[in-house]
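Structure first, then comments.
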Amino acid sequence: MSANALKTAATRRNTPTGEGTYRNPVLNADWSDPDVVRVGDDFYLTASSFGRVPGLPLLHSRDLVNWTLVGHALNRLEPEGEFAVPRHDRGVWAPSLRHHDDRFWIFWGDPDHGIFQVNSPEIRGPWTRPHLVKEGRGLIDPCPLWDDDTGEAYLVHAWARSRSGINNRLTGHHMHPDGTSLSDEGKVIVDGDRIPGWFTLEGPKLYRHDGWFWILAPAGGVETGWQGAFRSRGFFGPYEERIVLEQQTTDVNGPHQGGWVRTQTGEDWFVHFQQRGAYGRVVHLQPMRWGGDSWPVLGDAGAPVAVHRRPDLPPQPPVAPATDDDFPGGRYGRQWQWTANPQDGWATQHTADGLRLTCVRTPDAHDLRRLPNVLTQRLPGTPATVEVDLRLAGPAPGARAGLVVLGDAYGWIGLERGGDGRVLLVHRFAEAAGDRERDAGRPCVVPGGGVRLRIEVGAGARCRFSYMPLSGTDRADGPRPTGPVFAATPWRWVGALLGLFALAPAGQGPAGTAAFTRFRIATGP
């Protein structure tokens with residue numbers, strides 16, 4: 001989408017009934033497990049990135065409504081060898097973002113290895129390499145707190161039953177003030193099994209307010225749960241609890257974990273996510289106030305709002321995280337992530353525009369879900385049209401490249417070098433339970449070897465694939481549909497992804513390259 005189209009889409013989303021209001025979700029794509037912090041007049045947000053690289057996205061806003069992606073805090077996942085192949089449901093889970101001692105800090109849990117942190121003097125870096133704060137399986141959703149009143153530091157975390165055999169409880173620790181280690185074995189400070197009706201308590205965010213320790217944490221499951229608030233005069237408890245945000249009569253299922261932030265004008269706001277199937281976990285902004293009984297009140301008396309008055313902050317131009325890319329000099333924008341730690345040579349820098357991907361030889365050429373060399377970005381949460389131009393220079397038989405909607409099942413359209421040397425337009429898919437691709441349409445020769453690939457993503461993430469030759473008289477006929485409608489699917493924790501790839505069957509010698517140009521996403525009616 002062009003800059004003007006992007007501004008128009010953001011304006012339509014954030015000013016539905018007038019200049020003084022916004023509409024949820026404020027980030028209508030998969031920005032899972034958001035946490036937010038204010039530093040001066042600026043707001044920053046990070047989110048889970050699981051097994052994609054770079055990880056820990058960093059977003060910036062001046063009004064909590066309009067956000068831009070300014071970078072990532074994690075260049076590579078560790079241990080390096082484990083993330084040399086896709087681990088779509090592992091890696092970076094539910095980070096917490098804080099600002100302390102003139103530094104930004106991000107803590108997250110890797111369910112297979114433990115609690116990590118990185119820190120930086122500036123949001124754009126340089127960030128430290130990941131530091132293991134506590135080793136262990138099943139340690140997830142950590143959040144630190146530096147208590148300015150006492151000088152003490154604390155950390156709370158949840159548990160993943162799949163690795164530890166337990167969940168529905170929050171464990172608290174004393175933390176060394178430099179954030180490098182925990183100084184005790186920890187204590188269960190909230191046991192959800194002892195609270196009638198509560199289950200799957202997770203995602204805690206820890207705060208100090210009005211003489212209380214506060215934990216804001218969801219329970220009840222990602223798609224069906226609620227937001228809870230816990231308070232205690234001492235960090236290690238005992239804690240009182242209350243449900244402060246739940247679906248009620250709205251269409252916001254969940255609503256699930258997020259973070260509280262206070263603006264420079266003294267207003268309180270809460271960001272959280274909503275699970276939306278193939279679209280992933282989209283981000284909502286809720287008003288927040290403190291009731292007469294000193295408990296927080298979120299949304300409209302505890303129900304999520306769809307439209308609300310904007311925060312009392314200086315007006316900002318409508319913006320949104322970038323999606324379009326012309327790949328200047330062969331470089332891809334911040335919105336792109338590999339499905340595993342990248343290797344040198346997958347993409348080639350040069351002097352013109354366009355992304356040149358190497359047709360990487362691989363024995364898994366029949367299953368894109370297993371490939372690390374797929375360059376992805378988030379699927380928009382609204383109807384959209386995705387286009388990219390492609391030319392295949394790979395001479396090896398079986399060399400292929402294309403545009404994919406990638407999830408537990410996937411579908412792609414692109415070009416393949418036939419055994420006779422001709423370039424064919426192909427459209428293939430793989431079912432969630434299948435381990436090989438199947439043709440969704442009959443392959444056909446492409447005049448001139450160049451094609452514009454197109455995916456129309458409709459309601460319910462139903463995708464229609466089409467193409468248009470870039471040369472020859474057939475170009476005037478417009479896009480040609482191919483194959484049946486494909487229903488995008490999520491991964492276990494991740495929404496469906498849009499991806500670009502180039503590959504070739506296992507063999508000897510270079511397989512060539514594929515050139516992608518003019519990547520565009522147009523959203524809205």
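- In this structure, Asp210 and Ser294 approach most closely via the heavy-atom pair OD2-OG, 4.2 Å.
- Distance check, rounded to the nearest 0.5 Å: NE2 of His176 to CG of Leu182 gives 11.0 Å.
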**Item:** Test side chain to side chain donor-acceptor pair (under 3.5 Å) applied to Thr171 and Trp159, step by step
**Value:** CA-CA 8 Å; Thr171 296; Trp159 295 86; 2.8 Å; yes
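- Residues Arg520 and Asp326 are paired through a salt bridge, judged by an N-O separation under 4.0 Å between the basic side chain and the carboxylate.
- Ring orientation note: the planes of Trp146 and His100 are close to parallel, at an angle under 30° on the 30°/60° scale.
- His157 has its side chain within reach of Ile115: a pair of non-hydrogen atoms, C-beta onward, lies under 4.5 Å apart.
- From Thr46, atom OG1 reaches atom CH2 of Trp31 across 9.5 Å, with rounding to the nearest 0.5 Å.
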**Request:** List the steps, then state whether side chain to side chain donor-acceptor pair (under 3.5 Å) holds for Asp268 with Trp290.
**Result:** CA-CA 9 Å; Asp268 294 307; Trp290 295 90; 3.2 Å; yes
**Request:** For the pair Trp260 and Val271, evaluate side-chain contact (heavy atoms from CB on, under 4.5 Å) and give the outcome as yes or no after the intermediate values.
**Result:** CA-CA 7 Å; Trp260 162 41; Val271 297; over 6 Å; no
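- Between Pro144 and Met175, the shortest heavy-atom contact is CB-CE, 3.9 Å.
- By the neighbour-count criterion of 12 heavy atoms within 6.0 Å, atom CZ of Arg462 is sparsely surrounded, having that number or fewer from other residues, nucleotides or ligands.
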**Request:** Apply side-chain contact (heavy atoms from CB on, under 4.5 Å) to the pair Asp110 and Phe50, showing each step before the final yes or no.
**Result:** CA-CA 9 Å; Asp110 179 318; Phe50 299 100; over 6 Å; no
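- No hydrogens or angles considered: a donor-acceptor pair under 3.5 Å links the side chains of Arg331 and Gln349.
- The side-chain heavy atoms of Phe43 and Val261, taken from C-beta on, include a pair separated by under 4.5 Å.
- Atom CD1 in Ile106 sits 10.0 Å away from atom CD in Gln117 (nearest 0.5 Å).
- Considering only heavy atoms from C-beta on, Pro490 stays 4.5 Å or farther from Asp408 through its side chain.
- With salt bridges taken as basic N to acidic carboxylate O contacts below 4.0 Å, one links Arg163 and Asp112.
- A salt bridge between Glu78 and Arg129 is present, with a side-chain N of the basic residue lying under 4.0 Å from a carboxylate O of the acidic one.
- Only one option out of Tyr207, Tyr154, Phe236 pairs with Phe213 in a ring pair (Phe, Tyr, Trp, His ring centres under 6.0 Å); it is Tyr154.
- Of all heavy-atom pairs spanning Gly333 and Asp325, the tightest one is N-OD2, 2.7 Å.
- The backbone N or O of Ala461 sits less than 3.5 Å from a side-chain atom of Tyr279, completing a donor-acceptor pair.
- Side chains of Leu170 and Leu201 form a contact here, defined as non-hydrogen atoms less than 4.5 Å apart.
- The minimum heavy-atom distance linking Pro218 with Gln227 is given by the pair CB-NE2, 3.7 Å.
- Taking CH2 of Trp108 as the reference point, atom CH2 of Trp93 lies at 15.0 Å (rounded to 0.5 Å).
- With respect to Glu267 and Arg309, a salt bridge is recorded, a charged nitrogen being found less than 4.0 Å from a carboxylate O.
- Between atom NE2 of residue His256 and atom OG1 of residue Thr224 there is a gap of 9.0 Å, rounded to the nearest 0.5 Å.
- Remark: Asp193 engages Arg169 in a salt bridge, criterion side-chain N to carboxylate O under 4.0 Å.
- Under 3.5 Å, the side chains of Asp41 and Gln264 contain a donor-acceptor pair of N or O atoms.
- Around atom CZ of Arg103, more than 12 heavy atoms belonging to other residues, nucleotides or ligands sit under 6.0 Å away.
- Under the 30°/60° scheme for interplanar angles, the aromatic rings of Trp127 and Phe104 are found to be tilted.
- For Asp30 and Ser32, the side-chain atoms include no donor-acceptor pair closer than 3.5 Å.
- Closest approach of Pro57 and Ser49 over heavy atoms only: CD-CB, 4.1 Å.
- Side-chain contact check for Val65 versus Arg310: some heavy-atom pair is nearer than 4.5 Å.
- Once rounded to the nearest 0.5 Å, the distance linking CG of Leu132 with CZ of Phe116 reads 4.5 Å.
- Among residues at least two apart or in separate chains, ring-ring contact (aromatic ring centres under 6.0 Å, His included) pairs with a member in residues 297-318 are Trp269-His308.
- Using the six-membered ring where Trp is involved, Phe230 and Tyr239 have ring planes that are perpendicular, over 60° apart on the 30 and 60° scheme.
- Not a single donor-acceptor pair under 3.5 Å links the side chain of Thr376 to the backbone N or O of Gly499.
- Note: Trp336 and Phe327 have tilted aromatic rings, judged against thresholds of 30 and 60 degrees for the angle between ring planes.
- For CD of Glu185, the number of neighbouring non-hydrogen atoms (other residues, nucleotides, ligands) closer than 6.0 Å is 12 at most.
- Contact check on Arg208 versus Asp147 returns a salt bridge, with a Lys/Arg side-chain nitrogen under 4.0 Å from an Asp/Glu carboxylate oxygen.
- For Thr382 (side chain) and Thr523 (main-chain N/O), no donor-acceptor pair under 3.5 Å exists by modelled atom type.
- Heavy atoms only, all atoms of each residue included: Ile455 and Cys463 are closest at CG2-CB, 3.8 Å.
- Ion pairing of Arg242 with Asp293 is present here, as a side-chain N (NZ or NE/NH1/NH2) and a carboxylate O approach within less than 4.0 Å.
- Side-chain contact between Leu27 and Pro321: present, with at least one pair of heavy atoms (C-beta onward) separated by less than 4.5 Å.
- With no hydrogens or angles considered, a side-chain donor-acceptor pair links Gln274 and Asn253 at under 3.5 Å.
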**Request:** Could you walk me through whether Asp35 and Leu45 pass side-chain contact (heavy atoms from CB on, under 4.5 Å), step by step?
**Result:** CA-CA 6 Å; Asp35 195 22; Leu45 181 148; over 6 Å; no
**Message:** Applying side-chain contact (heavy atoms from CB on, under 4.5 Å) to Thr385 and Val457, what does each step give before you reach the verdict?
**Reply:** CA-CA 6 Å; Thr385 299; Val457 186; over 6 Å; no
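- Looking at heavy atoms from C-beta onward, Gln377 lies in side-chain contact with Phe519 at the 4.5 angstrom threshold.
- Between the side chain of Asp63 and the main chain of Asn66, a donor-acceptor pair closer than 3.5 Å is present.
- With hydrogens and angles ignored, the 3.5 Å screen pairs a side-chain donor or acceptor of Ser232 with a backbone N or O of Pro238.
- Checked against a 6.0 Å centroid threshold, the rings of Trp212 and Trp295 do not count as neighbours.
- Exactly one residue among Leu285, Leu216, Val244 makes a side-chain contact (heavy atoms from CB on, under 4.5 Å) with Phe270. That residue is Leu216.
- Proximity of Gln286 to Pro304: side-chain heavy atoms (C-beta onward) are separated by under 4.5 Å at one or more points.
- A cation-pi arrangement is absent between Arg98 and Trp105 under the rule of less than 6.0 angstrom and at most 45 degrees off the ring axis.
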